[in-house]
Amino acid sequence: MRLSNSLRELIGKRDFYAGGLMLLLGLGIALKGTTYRAGTLMHMGPGFLPTALGVLLMLLGIAIAAASLAPGPDEHGGDQSLLPEHPQWWAWFCILMSPIAFIFFGRYFGMAPGTFACVFIAALGDKTASWKGTIILASVVTVFGVSLFSYFLQVPMPILTWRGEF
Amino acid sequence: MIEQALSGLWYGFGVAFEPHNILWCFVGVLVGNMVGVLPGMGPLATISILLPLTFGMKPVGAILMLGGVMYGAQYGGAICSILLNLPCHPPHAVTCLDGFPMTKQGRGGVALGLTVFASFVGASWGITEMIFLSPLLVKAALQFGPAEVCSLMLLGLLAGSTLARGSPIKGVAMTVLGLFLGSVGTDLETGSERYTFGMTELDDGIELIALALGLFGIAEFMNSVNQVAPINTKYTNVGIKDMRPTKADMKRAFFPMWRGTIVGSLCSLIPGTGPTIASFVAYATEKKISKHPEKFGTGLIEGVVCPEASTHSSVQGDFIPTMSLGIPGDAVMALLLGALMIQGIVPGPQLISQHPDIFWGLVASFWIGNIMLVLLNVPLIGIWVKMLAIPYRYLYPSAMFFVCIGVYAANNDFFQVGEVAVIGLFGYVLLRLGFHPAPILLGFVLGPRFEENFRRAMLISRGDILVFVERPISAVFVALCAILIGSQIYFRLKGAKADLEPAAENAVGGEAPTSLAAQRVPATPAE
C-alpha cells in the first residue's frame with residue numbers, strides 16, 4: 001500500500017521525468033558507445049570516454065529520480081506539471097517551423113524569401129499578432145537582413161533564385 | 001613582475017587603440033548595452049549570433065567585440081532592473097529589490113547614475129586584478145602536465161555545474177551531457193566517427209553556434225513567447241539631469257560600492273561562481289553589516305550600488321581563469337573560448353606568451369570599453385530607456401532570423417539550421433524539466449580537450465588511473481573536487497542548500513527557470 005502510494009507520488013513529480021530522460025539518454029549513449037572500440041586504459045579507443053559518460057549519465061538520472069522521492073518541496077515547489085500553466089502549442093510550433101521554413105525557402109527560392117518566411121512564421125506565434133503587422137515586420141527584417149548579410153557581410157546565398165540547388 | 005605586467009598593458013593599449021580594434025570594441029559594447037536593455041535578449045544569445053560574423057575578422061578584433069558584448073550587457077541589464085523591475089538578466093535580479101523602489105520614489109535617475117559609477121569602479125578593479133593575477137597563474141600553470149590539466153578541468157566543470165543556479169546534481173548531469181556532445185564527430189586520435197549516425201555533416205562535430213543558439217536562443221524564445229507581461233513605461237522617463245547624485249548619496253554609496261567590488265572579485269576567483277552569485281552574495285553581505293537591515297528593499301542606494309559593483313568586478317574577473325588557464329567559469333566564457341578556438345587559437349596557459357596581442361589587447365580594451373559605456377550610458381540614457389518599450393512580439397521573430405542566418409553563415413550549410421531547431425526543441429524540454437542548459441556549453445567546449453588530456457595522461461602513466469592523486473598538484477585539485485561534492489551532499493542532507501540562493505530567488509519571486517520567465521513573477525505595479 002505504502003509502496004504504491006509513493007510510486008504514484010513519484011510519477012506525479014517533474015524530477016521523476018527529468019531523471020528518466022537522463023537515464024534513457026545515458027542508456028542510449030552507453031549502448032551506442034559499446035559498438036566503438038573501447039581499448040585499454042593505456043591506449044584508449046574512441047568508445048571509452050563516451051561509454052563512460054553514458055554510464056555516468058544513467059547513474060545521475062537514477063539519482064535525480066530518486067531525489068524526487070525525498071519528502072518536502074523540491075526546487076519546483078508546487079509546480080509539478082510537465083507543461084507550463086498556459087501551454088503555447090501554436091507558438092511553439094511556429095517557432096520551430098521558422099527555421100524549417102528558412103531552410104526550405106532559402107534553399108529553393110533564395111535568401112529574401114527565406115528570411116521573409118522565417119520571420120513571418122515565427123511572428124504568427126504571438127497571440128496579439130495581426131496579419132498586417134506581421135507582414136510589415138517580416139518585410140522590414142527582410143530588407144534589413146538581406147542588405148546586411150548579402151551586401152555587407154557577403155554571405156554566399158543567392159538573394160532570389162528559382163529552385164537554385166537541389 | 002609588476003614591470004612586466006605594466007609593459008604588457010602598455011603594449012595592449014597600443015593594440016586596442018588601433019582604429020579597427022577600437023571600432024570593433026565600440027560595436028561590441030554598443031550591441032551589448034542594447035541587448036542588455038532589451039528584455040528577452042541575453043548576452044549568450046547575442047554572442048552566439050555575432051560569432052559567425054567574426055569568422056572573417058582578425059582574432060583580436062573578434063574577441064574584443066565579443067568580450068564587449070559581455071560586459072556591455074551588464075550595463076544595460078541594470079537599466080532594465082531599476083526602471084522596470086524586470087530581473088531579465090540574472091545578475092541584476094537582486095538590483096530590482098532596491099532599485100525599483102527608488103524609481104517609484106522618483107530617484108531612478110540617481111540610482112542609474114550611481115550604478116554606472118559603481119559599475120566602472122567594480123570593472124576597473126576586476127581589470128586590475130586580471131593584469132596582475134593572470135601572469136602569476138600562467139607561471140604556475142605552465143608546469144602542468146596532462147594529469148594536472150585534466151583534474152583542473154574536472155574541478156572547473158564540477159564548480160561550474162554545482163555552484164551555478166538550480167539543483168547541483170542536475171547541473172552535473174548537464175555537464176556530462178555537454179562532454180558527450182563534445183565527443184560527437186570524428187575522433188581526433190583514431191579518426192573514427194562517433195555518434196554521427198551516418199550523417200557526414202556531423203563529422204566535424206556538433207556546431208558550437210548551433211548548440212548555443214538552440215539552447216539560449218530558440219529554447220528561450222519558446223519559454224517566453226506570450227508569457228512576457230506588457231512593459232510598464234510609467235517610470236521610464238529619465239533624462240541626464242536626473243542622474244546626478246547628491247553629495248549625501250555619494251557618501252552613502254562609497255563604502256558599499258567598495259565592499260561590493262571586493263566581494264565580486266573574491267567570487268570571480270572561485271571557478272563557477274559567476275556574476276549572478278556575486279551580486280546575491282554582495283547584497284546579502286551588505287544587508288548583514290548594515291546598521292538598519294530592515295530598510296533594505298525600500299529603496300536604499302546601498303542595495304543598488306553594492307550588487308552592481310560586485311557584478312562588474314566579477315564579470316571582469318571571470319576572464320582570468322578563461323584567458324590564463326583556458327578553463328571557462330561559465331557559459332559565456334565558454335562561448336568566448338569557443339570563438340578563440342574557431343579562430344585557430346589554442347586556449348591555455350601558453351596563450352599570453354603566444355598571443356600577447358589578444359590577451360593584453362583584451363585587457364586594454366576592457367578599460368576603453370568601460371569608459372565608452374559610461375559615456376554611452378550617461379548622456380544617451382533617454383535612448384536606452386526608449387528601447388525598453390520594444391515589444392517582444394517584434395523582438396523574437398527578428399531574433400529567429402538572426403539565429404537562422406547566423407547558423408547558416410557559420411558553414412554556409414542548411415544542415416546546421418535544422419540542427420539548431422532540433423537542439424532548440426531539446427533545450428526547451430530540458431528547461432521544462434528544471435535543467436539549466438548553461439553547463440552543457442561548458443562541457444561541450446572543454447570536452448574534446450578533456451578527452452585529449454585524459455588519454456595523454458593515461459598513456460604517460462601506462463594506464464595507471466592513480467596518477468591523478470599521485471602527482472601533488474593534481475592531487476590538490478582532486479581533493480578540491482571531493483570537498484566540493486562532499487559539501488554539496490552535506491548541505492543536501494542538512495536540508496539547507498546554499499541558503500543565499502533560495503532567499504534571493506524568493507525575494508525576486510519564486511522559481512525562475514530562465515531569465516525571462518522571471519518576468520512574469522515579480523509584481524509589476526498595477527498602474
Side-chain angles (χ1 to χ4, degrees), chain A residues 14-15 17-18 21-22 25 29 32 36-37 40-47 49-50 53-54 56-57 60-61 63-64 67 72 75-77 79 82-84 86 88 91-92 95-96 98-100 102-103 106-107 115 118-119 122-123 125-129 137-138 141 145 149 153 155-157, chain B residues 53 56 166-167 169-170 172-173 176-177 179-180 183 187 189-190 192 194-195 218 221-223 225-227 392-394 396-398 400-405 407-409 412 414 417-418 420-421 424-425 428-430 432-435 451 454-455 458-459 461-465 492 495 510-511:
Chain A
R14 192 141 60 140
D15 273 1
Y17 295 97
L21 180 66
M22 289 300 121
L25 273 175
I29 294 168
K32 180 83 183 148
Y36 306 116
R37 199 171 54 80
T40 60
L41 253 185
M42 188 173 155
H43 289 284
M44 268 183 250
L49 196 78
L53 289 174
L56 191 58
L57 200 58
L60 287 166
I64 292 169
E75 56 167 337
H76 308 302
D79 178 22
L82 291 177
L83 290 171
H86 306 286
Q88 302 290 334
W92 294 337
I95 289 180
L96 288 176
S98 155
I100 309 296
F102 182 78
I103 297 173
R107 174 168 286 174
T115 308
C118 168
V119 179
D126 192 89
K127 270 187 304 200
T128 55
L137 175 70
V141 176
F149 284 91
L153 293 165
V155 172
M157 185 167 161
Chain B
L53 310 186
S167 140
I169 188 163
K170 285 183 169 174
V172 176
V176 172
L177 193 62
L179 283 171
F180 160 71
S183 76
D187 176 31
E189 271 175 46
T190 59
S192 57
R194 299 189 287 192
Y195 302 95
I218 294 185
F221 301 146
M222 287 177 76
N223 198 35
V225 67
N226 290 339
Q227 308 274 8
Y392 197 65
R393 69 191 144 100
Y394 296 146
Y396 84 87
S398 320
M400 276 307 298
F401 161 66
F402 280 98
V403 167
C404 291
I405 191 84
V407 177
Y408 174 82
N412 297 322
F414 282 109
V417 186
V420 80
L425 176 63
Y428 181 63
V429 172
L430 289 179
R432 272 314 297 171
L433 289 172
F435 291 102
E451 186 177 9
F454 189 64
R455 281 178 170 186
M458 284 293 98
L459 194 65
S461 73
R462 299 180 171 277
D464 182 10
I465 195 101
R492 172 95 202 177
E511 177 213 13

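Predicted, not measured: the structure shown is a model, and the values here were computed from it. Throughout, protein chains are lettered first and strands after them, A, B, ... in sequence-line order, and every chain is numbered starting at 1.
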Which bit of [X] is near chain B, if near means a heavy-atom gap under 4.5 Å: side chain, backbone, both or neither?
{"X": "M22(A)", "result": "side chain"}
{"X": "Y36(A)", "result": "side chain"}
{"X": "I103(A)", "result": "both"}

* Ring-ring centroid check F149(A) F401(B), cutoff 6.0 Å ->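 Yes, the ring of F149(A) comes within the 6.0 Å limit of the ring of F401(B), centre to centre.
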Check whether any side-chain heavy atom of [X] sits under 4.5 Å from a side-chain heavy atom of [Y], and report yes or no.
{"X": "I218(B)", "Y": "L425(B)", "value": "no"}
{"X": "V403(B)", "Y": "F221(B)", "value": "yes"}
{"X": "I95(A)", "Y": "M400(B)", "value": "yes"}

* To do: List for me each residue that meets side chain to side chain contact (heavy atoms under 4.5 Å, CB included) alongside T190(B), sequence neighbours excluded, and say none if there are none.
  =>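 Expected list: R37(A), P46(A), D187(B), S192(B).
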* For A409(B), enumerate each residue passing the side chain to side chain contact (heavy atoms under 4.5 Å, CB included) test, keeping only those at least two apart in sequence or located in another chain. =>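 Only V155(A), P52(B) meet the side chain to side chain contact (heavy atoms under 4.5 Å, CB included) criterion with A409(B).
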Examine whether an atom of [X] lies under 4.5 Å from a heavy atom of chain A, and if so say whether it belongs to the side chain, the backbone or both; otherwise answer neither.
{"X": "Y195(B)", "answer": "both"}
{"X": "F454(B)", "answer": "both"}
{"X": "V429(B)", "answer": "side chain"}
{"X": "Y396(B)", "answer": "side chain"}

* **Non-hydrogen atoms of N226(B) and G125(A) that approach each other most closely** =>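 Looks like ND2-O, 3.2 Å.
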* **For chain A, the option from S461(B), G418(B), P397(B) that forms the most heavy-atom pairs under 4.5 Å** =>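 Looking at each option in turn, the highest pair count goes to P397(B).
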* Could you tell me which of N412(B), V176(B), L177(B) has the largest number of non-hydrogen atom pairs under 4.5 Å with chain A? =>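 Ranked by contacts with chain A, first place is V176(B).
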* Asked: For chain B, which of L96(A), I100(A), L56(A) has the most heavy-atom pairs under 4.5 Å?
  ->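 Maximum pair count with chain B is reached by L96(A).
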